[in-house]
Amino acid sequence: MKQINIIWGLLMALTFATAFVSGSDINYAALLIIGIAVLKFVLVSFEFMELKKAHRLWKYLVLGFLGIFAALILFII
Amino acid sequence: METVPLDSKNVYYPPGGILMWIIIFLELFTFGMALVAMVYYGSLERELFHESRLLLNASYGAVNTVFLLTSGFFMAKSVMELKRQQVAKSIRYLWVTMFLGLCFLVLKSIEYNSKIDAGLDMNYNLFFTFYWALTAFHVIHVIVGILILGISTFNLKRSPDKVELIDIEAGAAFWHMCDLIWLLLFPIIYLIF
């Protein structure tokens, strides 16, 4: 139960980090914003949805989707 | 109540059920392809997309992210309590989950209202066509998610003995899917252009 509280705190911190990055003139802001979004996606799916307990096929499918999606966005942008 | 967890390590029994995960992947691919298309068109008309993005209120998006992530947190806690046979606690967390979902919808309504008042409708330009189509489609999912959780709460309160854990987990997986979709929509629509 404690672990899930830490995950929520981490997700909140990452959300504030996104707000900070988007409001600043940091180089590669888009890369950072997408990177943080990917991290949040992994935390929600693996921890809240308990994907970490699932068969590895489901983990690979989620990570595969996420990897291809993020790569396409960063390549096009 | 049947609260014995299925063997999640079995490829046929991911948490929430295989059918729900097929739906989740279909939804993720649908939204994912639409977002890739949006970014592609954005790369062709950079100035238009940048200026249009500045017409959005990113603070609304950030607060809505907090609402959805926190609701997902309480959803996960609700399932955990159910596995421990703590039905009353599980129901309490379900109510909090639905309340935060409603907060998301209220804020979204305020945002939509301000856009309509400013004349930024679906036909305003290509950016706003994507904005309305993607966010409204997501809102429909949130409404369906709240209805599913409402039915789960009703069943848990009325006859907890007849409710199976896998059904609650399936509803939870759908709710988390709304969260996942928003985590992709928010940075791309509100931030990166």
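Note on naming: letters A, B, ... go to the chains in the order of the sequence lines (proteins, then strands), and numbering restarts at 1 for each one.
- For the atom pair CZ of A:F69 and CG of B:L28, the computed distance is 9.5 Å after rounding to the nearest 0.5 Å.
- Of the residues listed (B:L180, B:D179, B:T65, B:L184), the one engaging A:K40 in a side-chain contact (heavy atoms from CB on, under 4.5 Å) is B:T65, and it is the only one.
- For the atom pair A:S22 OG and B:R53 CZ, the distance stands at 7.0 Å (nearest 0.5 Å).
- Interface remark: A:L11 contributes backbone and side-chain atoms alike to the contact with chain B (heavy atom separation under 4.5 Å).
- Contact annotation: the side chain of A:I7 never approaches that of B:F73 to less than 4.5 Å [non-hydrogen atoms, C-beta and beyond].
- Here A:T18 contributes atom OG1 and B:L191 contributes atom CG; the two are 7.0 Å apart, rounded to the nearest 0.5 Å.
- Grouping the Ile, Leu, Val, Met, Phe, Trp and Tyr side chains by contacts below 4.5 angstrom, directly or via other members, places B:I110 with B:V142.
- Under the 4.5 Å side-chain heavy-atom criterion for Ile, Leu, Val, Met, Phe, Trp and Tyr, A:Y60 and B:I22 are members of distinct hydrophobic clusters.
- For A:M12, the part lying near chain B is the side chain, with the backbone staying farther off; criterion is any non-hydrogen pair under 4.5 Å.
- Contact record, A:I33 with B:I192: CG2-CG2, 3.9 Å, taken as the closest heavy-atom pair.
- Atom CZ in A:F41 sits 8.5 Å away from atom CD1 in B:I181 (nearest 0.5 Å).
- By the criterion of side-chain heavy atoms lying less than 4.5 angstrom apart, applied directly or through intervening Ile, Leu, Val, Met, Phe, Trp or Tyr residues, B:I148 is not grouped with B:I151; the two fall into different hydrophobic clusters.
- Among B:V79, B:L69, B:V66, B:I188, the residue with the largest count of heavy-atom pairs under 4.5 Å with chain A is B:L69.
- Using a 4.5 Å cut-off between heavy atoms, A:I73 contacts chain B through both its backbone and its side chain.
- Contact annotation for B:T70: both backbone and side-chain heavy atoms come within less than 4.5 Å of a heavy atom of chain A.
- Residues satisfying the ring-ring contact (aromatic ring centres under 6.0 Å, His included) criterion with B:F128, sequence neighbours excluded, are B:Y124, B:Y131.
- Side-chain contact between A:W58 and B:F25: present, with at least one pair of heavy atoms (C-beta onward) separated by less than 4.5 Å.
- Listed options A:L43, A:T15, A:V21, A:I68 were ranked by heavy-atom pairs under 4.5 angstrom with chain B; first place goes to A:T15.
- Under the 4.5 Å side-chain contact rule for hydrophobic residues, B:V106 and B:L149 share a cluster.
- Of the two parts of A:V62, the backbone and the side chain both hold a non-hydrogen atom closer than 4.5 Å to a non-hydrogen atom of chain B.
- Atom CD1 of residue A:I4 and atom CE of residue B:M80 lie 3.5 Å apart, to the nearest 0.5 angstrom.
- The hydrophobic cluster containing B:L35 also contains B:M122, counting ILVMFWY residues as joined when their side-chain heavy atoms lie under 4.5 angstrom apart, directly or transitively.
- Residues passing the ring-ring contact (aromatic ring centres under 6.0 Å, His included) test with B:F29 are A:F65, sequence neighbours excluded.
- The number of heavy-atom neighbours closer than 6.0 Å to NZ of B:K157, taken from other residues, nucleotides and ligands shown, is 12 or below.
- Annotation: maximal heavy-atom pairing with chain B below 4.5 Å, among A:L57, A:I77, A:L72, occurs at A:I77.
- Under the 4.5 Å side-chain criterion, counting only non-hydrogen atoms from C-beta, B:W21 is in contact with A:L51.
- Taking CE from A:M49 and CE from B:M75, the interatomic distance works out to 11.0 Å, rounded to the nearest 0.5 Å.
- Interface residue B:I24: only side-chain heavy atoms are found under 4.5 Å from chain A.
- Heavy atoms of A:K59 lying under 4.5 Å from chain B belong exclusively to its side chain.
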